[in-house]
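Please read the structure below before turning to the comments.
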Amino acid sequence: MALPVPLCQHYDYAIGEQFNQVEFLPGMRVSVPFGRRQEQVGIALGISDQCGVPPHRLKTISAVIDDQPLFSPPHFKLLCWAADYYHYPLGETLFSTLPKLLRQGKGAPAPAPAQQARVASATAAQDGMASRGFDLNPQQTQAIAAITAHTDAHSTHVLQGITGSGKTEVYIEAVRRVTEQGRQALILVPEIGLTTQFIERLKQRLPVAILVQHSALSDTERLRNWLAARDGEAAVLIGTRSAVWMPLKAPGLYVVDEEHDPSYKQDSGFRYSARDIAVVRGKFDEVPVTLGSATPSLETINNVKGRKYLPQTLPARAAGAKPPEVRVINLRKQPVSGALSKTLLNEITRTLESNNQALLFLNRRGYAPVILCHDCGWYAECTRCSAKMTFHKDKNCLICHHCDARKALPALCPDCERPQLVEVGHGTQRLDQTLAGHFPGAKILRIDRDSTRRKGSMEKMLRAITAGDADILIGTQMLAKGHHFPRLTLVGIVDADAGLLSADFRASERMAQLIVQVSGRAGREQQPGVVYIQTHFPEHPLLQTLVNRNYREFADLLLRERRQAQLPPYTHLALLGAEATKQEVAEKFLRLARNSLKQRDNLAVFGPLAAPIEKRRGRYRCQLLVQSGNRNTLHQALTPWRQTLESMQEAKRVRWHLDIDPQDLL
């Protein structure tokens with residue numbers, strides 16, 4: 001029996017005489033007594049005549065909730081694999097992938113006969129529609145043929161195309177062919193709010209039942225979608241990270257759009273990678289998987305080089321549009337107005353005079369990231385986190401972007417009591433103010449987490465941009481990918497230096513991905529686009545390679561650096577993190593954990609070390625990094641180690657987690 005408890009162990013229960021006629025199959029839910037709780041929902045793993053507990057001490061199953069397993073055999077196999085790979089309790093793995101109402105024991109009705117035929121009837125109505133009126137170029141046609149050549153066998157395809165090359169058309173046509181066979185397609189996207197245009201195109205082009213699964217749905221809506229996917233009512237399912245666990249009656253294709261996006265990695269609880277799970281699920285279901293991106297992750301590129309994945313390339317923009325010209329602005333010794341150079345301001349003026357749109361990218365929301373006392377050097381810092389508080393001028397308060405703590409902006413410095421507080425740095429709000437001063441007649445639209453909190457606000461803004469009701473766009477990474485704005489010809493990247501100076505070894509890769517993605521918003525129609533990158537380090541070799549060559553050569557250079565430094569994808573990592581209200585408690589736990597890890601060849605341990613963000617939400621954070629050049633060696637060491645950690649007395653005094661293939665070391 002698997003129960004939703006944070007322990008890597010299973011539980012045995014006796015089958016009462018009233019259930020002698022019940023066929024217990026793996027994946028069926030039952031109700032059982034557990035601990036102090038009167039009843040607990042559990043998931044059966046199987047039946048055995050042998051038990052390590054004396055029969056008289058066994059508790060008896062109280063009720064059987066399902067008459068059939070919730071999971072198909074391949075799906076159940078996937079879940080067991082995931083629990084094993086990520087060293088996470090099987091019970092919590094199983095329950096974390098279910099809708100809340102199923103976790104609580106609500107019944108999952110069996111599909112009615114009429115529901116089972118709904119996919120076939122919907123796909124029959126669309127014969128030949130998708131390709132009518134939409135011309136595909138030879139590269140798109142070749143990619144579609146390769147992806148759909150064998151829909152009853154597994155293969156992983158990497159669809160790499162420059163921004164605007166028509167990857168969406170490839171997705172749509174591949175999905176069309178799969179659904180015509182009466183099978184289902186699952187499409188993963190980084191964020192539902194960023195893919196409004198994509199979803200609308202799918203609904204217009206594919207007259208089949210399409211479901212959208214995301215975190216804003218109610219519990220009832222989530223269950224309804226889960227049942228519709230399981231029963232075959234939906235031919236296409238679109239969702240964010242957690243949708244990778246949705247059951248499919250007749251899977252035929254898995255698509256991961258923007259596969260490089262860090263949001264595919266869960267950063268709490270069950271810390272899985274939805275991209276990697278999709279690939280493994282494709283193997284278990286024996287269907288093709290497509291990973292699409294203009295800027296594939298280094299792990300994916302390395303898998304292509306190792307011939308584990310098949311490359312499908314779209315080298316040119318669709319409909320004859322040309323890639324934007326990229327230019328670097330050296331900020332050193334150049335006069336600036338706010339965060340903008342004179343060169344970039346002049347280009348914005350020319351763009352507006354041509355009745356076109358400009359996009360300024362600054363991945364920092366708020367007004368100013370630091371409030372500083374000019375006299376004594378005091379700065380506003382969060383009391384619960386080791387982080388500076390950001391000034392939000394529209395609310396006239398300081399906000400911590402890690403714990404959302406808020407406090408009023410002081411009139412005087414709390415230390416020296418002088419009124420010499422200055423705003424240091426620039427966020428999207430301050431950039432908005434600067435632009436309004438230079439272009440008083442322009443319609444400026446700011447898109448970030450603060451301006452899109454209300455439901456439907458993002459969609460409303462995107463419609464305004466497409467309709468031409470905005471002249472200058474200010475955006476964070478929310479505008480970096482997936483959008484098509486016909487009149488947008490100028491992109492200005494306000495600050496490219498953060499990715500060049502970060503201590504995170506993945507920062508350069510993510511900087512390049514953001515630059516390429518946001519640059520791709522420019523010139524997607526017939527008018528050419530231009531991109532300006534502001535930096536204090538124009539001679540940086542990585543930046544030079546990215547600007548003067550292409551992302552593939554940039555990735556090759558970065559891969560060579562990773563190989564020399566023995567970093568992923570050439571080595572494999574696991575991070576043991578611990579949090580406690582006292583730093584010494586977290587450090588003590590990690591020291592004991594390190595001492596309990598059995599040493600092996602090709603295994604290195606680093607730490608314990610304070611996390612780069614040492615304190616968050618009032619708790620001190622430390623971490624231990626385990627590294628190996630061999631994946632099997634790493635997991636062979638982690639399996640018994642996880643069991644040891646659970647039994648340690650010090651583990652009860654901290655919050656700890658084990659993160660396999662960590663993407664964020666902060």
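Note that the numbering runs from 1 along the sequence shown for the chain.
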Is a side-chain donor or acceptor of [X] paired with a backbone partner of [Y] at a separation under 3.5 angstrom?
X	Y	answer
R521	F485	no
Q160	T313	no
R642	H87	yes
D84	C80	no
N363	Q477	yes
W641	A593	yes
N602	G629	yes
R230	F71	no
R281	V244	yes
Q184	A234	yes

Side-chain contact, heavy-atom cut-off 4.5 Å: [X] with [Y]?
X	Y	answer
L558	L542	yes
M458	M478	yes
Y551	P296	yes
P608	R591	yes
L590	L576	yes
Y254	L188	no
L360	L473	no
L575	Q663	no

Any Lys/Arg nitrogen of [X] or [Y] sitting under 4.0 Å from an Asp/Glu carboxylate oxygen of the other?
X	Y	value
E258	R241	no
R205	E173	no
R183	D152	no
R327	E325	yes
R271	D664	no

Between the side chains of [X] and [Y], is a donor N or O closer than 3.5 angstrom to an acceptor N or O?
X	Y	value
T535	D497	yes
Q312	H157	yes
H260	S293	yes
N630	S628	no
Q181	T151	yes
S297	T300	yes
D448	T476	no
R562	Y570	no
R549	Q544	no
T571	Q566	no
R631	Y85	yes

Euclidean distance, [Y] [atom2] relative to [X] [atom1], rounded to 0.5 Å:
X	Y	atom1	atom2	result
Q513	T295	CD	OG1	4.5 Å
L514	E509	CG	CD	11.0 Å
R552	L559	CZ	CG	9.5 Å
L645	L597	CG	CG	8.5 Å
E561	S508	CD	OG	7.0 Å
E92	T97	CD	OG1	12.0 Å

Could you go step by step and tell me if D276 and Y264 meet the side chain to side chain donor-acceptor pair (under 3.5 Å) rule?
CA-CA 9 Å; D276 297 345; Y264 283 123; over 6 Å; no
What closest approach, in Å, do I493 and S519 show between heavy atoms, and which atom pair accounts for it?
CD1-OG, 4.0 Å
Residue among V287, V280, V289 satisfying side-chain contact (heavy atoms from CB on, under 4.5 Å) with H154:
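Among the candidates, only V289 passes.
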Yes or no on salt bridge (Lys or Arg N to Asp or Glu O under 4.0 Å) for E587 and R594, after CA distance, side-chain angles and deciding distance?
CA-CA 10 Å; E587 290 178 348; R594 174 172 182 152; over 6 Å; no
Taking atom [atom1] of [X] as the centre, report whether more than 12 heavy atoms of other residues, nucleotides or ligands fall under 6.0 Å from it.
X	atom1	value
K283	NZ	no
Q636	CD	yes
D601	CG	no

Please evaluate residues R510 and D261 with respect to the criterion salt bridge (Lys or Arg N to Asp or Glu O under 4.0 Å), reporting the C-alpha separation (whole Å), side-chain torsions for both, the decisive distance (0.1 Å), and the verdict.
CA-CA 9 Å; R510 290 177 178 165; D261 198 286; over 6 Å; no
Are R201 and E169 close enough, and set up right, to give a salt bridge (Lys or Arg N to Asp or Glu O under 4.0 Å), and what steps lead you there?
CA-CA 9 Å; R201 287 171 69 181; E169 292 298 322; 2.6 Å; yes
In a check of side chain to side chain donor-acceptor pair (under 3.5 Å) between D495 and each of H536, R364, Q534, which one passes?
R364
Does L211 form a side-chain contact (heavy atoms from CB on, under 4.5 Å) with I238? I'd like the steps, not just the answer.
CA-CA 6 Å; L211 289 181; I238 305 170; over 6 Å; no
Taking the six-membered ring for Trp, are H635 and H572 ring centroids under 6.0 Å apart?
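Between H635 and H572, the centre distance exceeds or equals 6.0 Å.
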Test side-chain contact (heavy atoms from CB on, under 4.5 Å) on L546 and V516; report intermediate values, then the result.
CA-CA 9 Å; L546 183 66; V516 172; 3.7 Å; yes
Run the salt bridge (Lys or Arg N to Asp or Glu O under 4.0 Å) check on R177 and E180 step by step: do they pass?
CA-CA 5 Å; R177 296 187 184 186; E180 282 183 341; over 6 Å; no
Go through E579 and V654 one step at a time and tell me if the side-chain contact (heavy atoms from CB on, under 4.5 Å) criterion holds.
CA-CA 6 Å; E579 299 179 6; V654 301; over 6 Å; no
Check each of Y86, W245, Y88 against Y272 using the ring pair (Phe, Tyr, Trp, His ring centres under 6.0 Å) test, and report the only one that passes.
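In the set Y86, W245, Y88, the residue that makes a ring pair (Phe, Tyr, Trp, His ring centres under 6.0 Å) with Y272 is W245.
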